Amino acid sequence: GGPNAQYILFDGASEKYCKWAKLGNQLDWGTSIVRRIRERTNRRIIYRPRPSHNNPILMSAPGVYCPGVVDSKYDLDTDLKMGHMVISNGGNIGWEAVVAGVPHFAIAESIARPVSETNWELLNTPYFPHNQVQWAANVSYCQWTLPELASGEAWDVIKSQMRMTKQYQQMVDNNGA
C-alpha cells in the first residue's frame, strides 16, 4: 500500500454499528460516503463491507448505484498492500492500516485518529505520520491486563508492532514523505 498504490479502500460499517453510532441506514450512509470520496478523487474505490448480524450490504448489489466502486474480494492484508489509503468511520482497520504503512483517513472517532488525516480537502494527499511509535505506546497502555503484562504476552505483541513501525518509517523516509 501507500504512495504508489492506486485505489482507496473504504471500510464499510455494519448495520449494527450504524445504529449504535446513529449514522442512519447502512446503505444510505455507505453511499453518502462514497459520494463524498468521489467529489474529491477519481481514484478507484474498493468497498470493504464489514460482517453484520445479517448479510453485509455490497455496493455492487442490484439497485445500488455507486459508479466506479468495486466490492473487495480479498483478505485485509491483500487489500492493504494494494490500497493508496484506507477510509473508515471507526474500527480496528485504522490500526491495521497505519501499522501496515498505509495512510488512514478517519471520518469519525478511531483508534488511529491521532495518526490519520481528518480533513476531506486533503484526501488526495496521503498523511504519513511521524509520531506512530508514541501513538502505538499510548494505545498499548490501555490494551493489556496485569497478567498479560506479567507473562510477557503484551511485550511480545508490542515488539512485533514496533518492528512493523520501523519498516513503515523506512518506507516513509525512502519516499520523502
Side-chain angles (χ1 to χ4, degrees), residues 1-5 7-23 26 29-30 33 46-54 56 72-120 122-123 125-177:
N4 297 323
Y7 68 74
I8 291 180
L9 181 63
F10 170 43
D11 176 47
S14 68
E15 188 66 38
K16 181 178 171 183
Y17 178 83
C18 285
K19 286 179 183 174
W20 175 81
K22 297 182 173 94
L23 300 174
Q26 176 186 16
W29 177 81
I33 297 300
I46 303 293
Y47 177 73
R48 185 173 179 79
R50 284 199 204 162
S52 186
H53 57 276
N54 47 18
S72 172
K73 295 179 180 20
Y74 300 106
D75 62 38
L76 181 58
D77 288 340
T78 302
D79 274 339
L80 289 174
K81 287 177 188 167
M82 298 187 306
H84 168 74
M85 175 184 290
V86 172
I87 298 178
S88 72
N89 199 71
N92 290 335
I93 196 168
W95 170 273
E96 298 292 338
V98 173
V99 168
V102 179
H104 178 252
F105 186 95
I107 298 170
E109 294 306 314
S110 167
I111 194 163
R113 191 172 181 86
V115 289
S116 301
E117 183 56 66
T118 58
N119 182 342
W120 283 99
L122 299 176
L123 190 65
T125 310
Y127 174 64
F128 290 92
H130 293 282
N131 60 339
Q132 68 273 32
V133 172
Q134 183 61 54
W135 163 74
N138 292 349
V139 170
S140 71
Y141 296 143
C142 304
Q143 297 298 312
W144 306 103
T145 64
L146 288 176
E148 290 168 332
L149 290 167
S151 74
E153 178 184 356
W155 182 234
D156 289 342
V157 171
I158 291 167
K159 286 189 295 188
S160 170
Q161 297 292 319
M162 289 172 64
R163 282 191 293 277
M164 286 190 273
T165 300
K166 285 180 185 175
Q167 292 168 352
Y168 167 79
Q169 188 61 52
Q170 289 171 347
M171 181 193 75
V172 169
D173 292 344
N174 291 336
N175 287 312

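Quick caveat: nothing in here was measured; it's all calculated off a predicted structure. Below, each value reflects all heavy atoms present in this structure, side chains not excepted, and no hydrogens, waters or symmetry copies. In this chain, residues are counted from 1 in sequence order.
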Smallest separation among heavy atoms of Q26 and A13, with atom names: NE2-O, 2.9 Å

Mind listing the closest non-hydrogen atom pair of Y7 and T78 along with its distance? OH-O, 4.5 Å

Taking only distance into account, with no hydrogens and no angle test, what donor-acceptor pairs under 3.5 Å do side-chain atoms of residues 94-109 form with protein atoms, sequence neighbours excluded?
from: H104; atom 1: ND1; to: S116; atom 2: OG; distance (Å): 2.6
from: H104; atom 1: NE2; to: S88; atom 2: OG; distance (Å): 2.7

Qualifying side-chain hydrogen bond (donor to acceptor under 3.5 Å, both in side chains) pairs, either residue in residues 147-156, two or more places apart: T145-E148

I111 backbone acceptor or donor facing W135 side chain under 3.5 Å: yes

Suppose we screen for side-chain contact (heavy atoms from CB on, under 4.5 Å). Which residues come up paired with T125, at least two apart in sequence or across chains? none

Sorted by chain and residue number, the side-chain contact (heavy atoms from CB on, under 4.5 Å) partners of D77 (sequence neighbours excluded) come out as D75

So how far is it from [X] [atom1] to [Y] [atom2], rounded to the nearest 0.5 Å?
{"X": "I93", "Y": "F10", "atom1": "CD1", "atom2": "CZ", "value": "10.5 Å"}
{"X": "I33", "Y": "D11", "atom1": "CD1", "atom2": "CG", "value": "11.5 Å"}
{"X": "T118", "Y": "Y127", "atom1": "OG1", "atom2": "OH", "value": "9.5 Å"}
{"X": "M82", "Y": "Y74", "atom1": "CE", "atom2": "OH", "value": "5.0 Å"}

Evaluate side-chain contact (heavy atoms from CB on, under 4.5 Å) for I87 paired with L123, printing each intermediate quantity in order. CA-CA 9 Å; I87 298 178; L123 190 65; 3.6 Å; yes

Looking at residues at least two apart in the chain, or sitting in another chain, which of them share a ring-ring contact (aromatic ring centres under 6.0 Å, His included) with W20? Y17

Is there side-chain contact between L76 and R48, with heavy atoms separated by less than 4.5 Å? yes

According to salt bridge (Lys or Arg N to Asp or Glu O under 4.0 Å), who are the partners of R113, at least two apart in sequence or on a separate chain? none

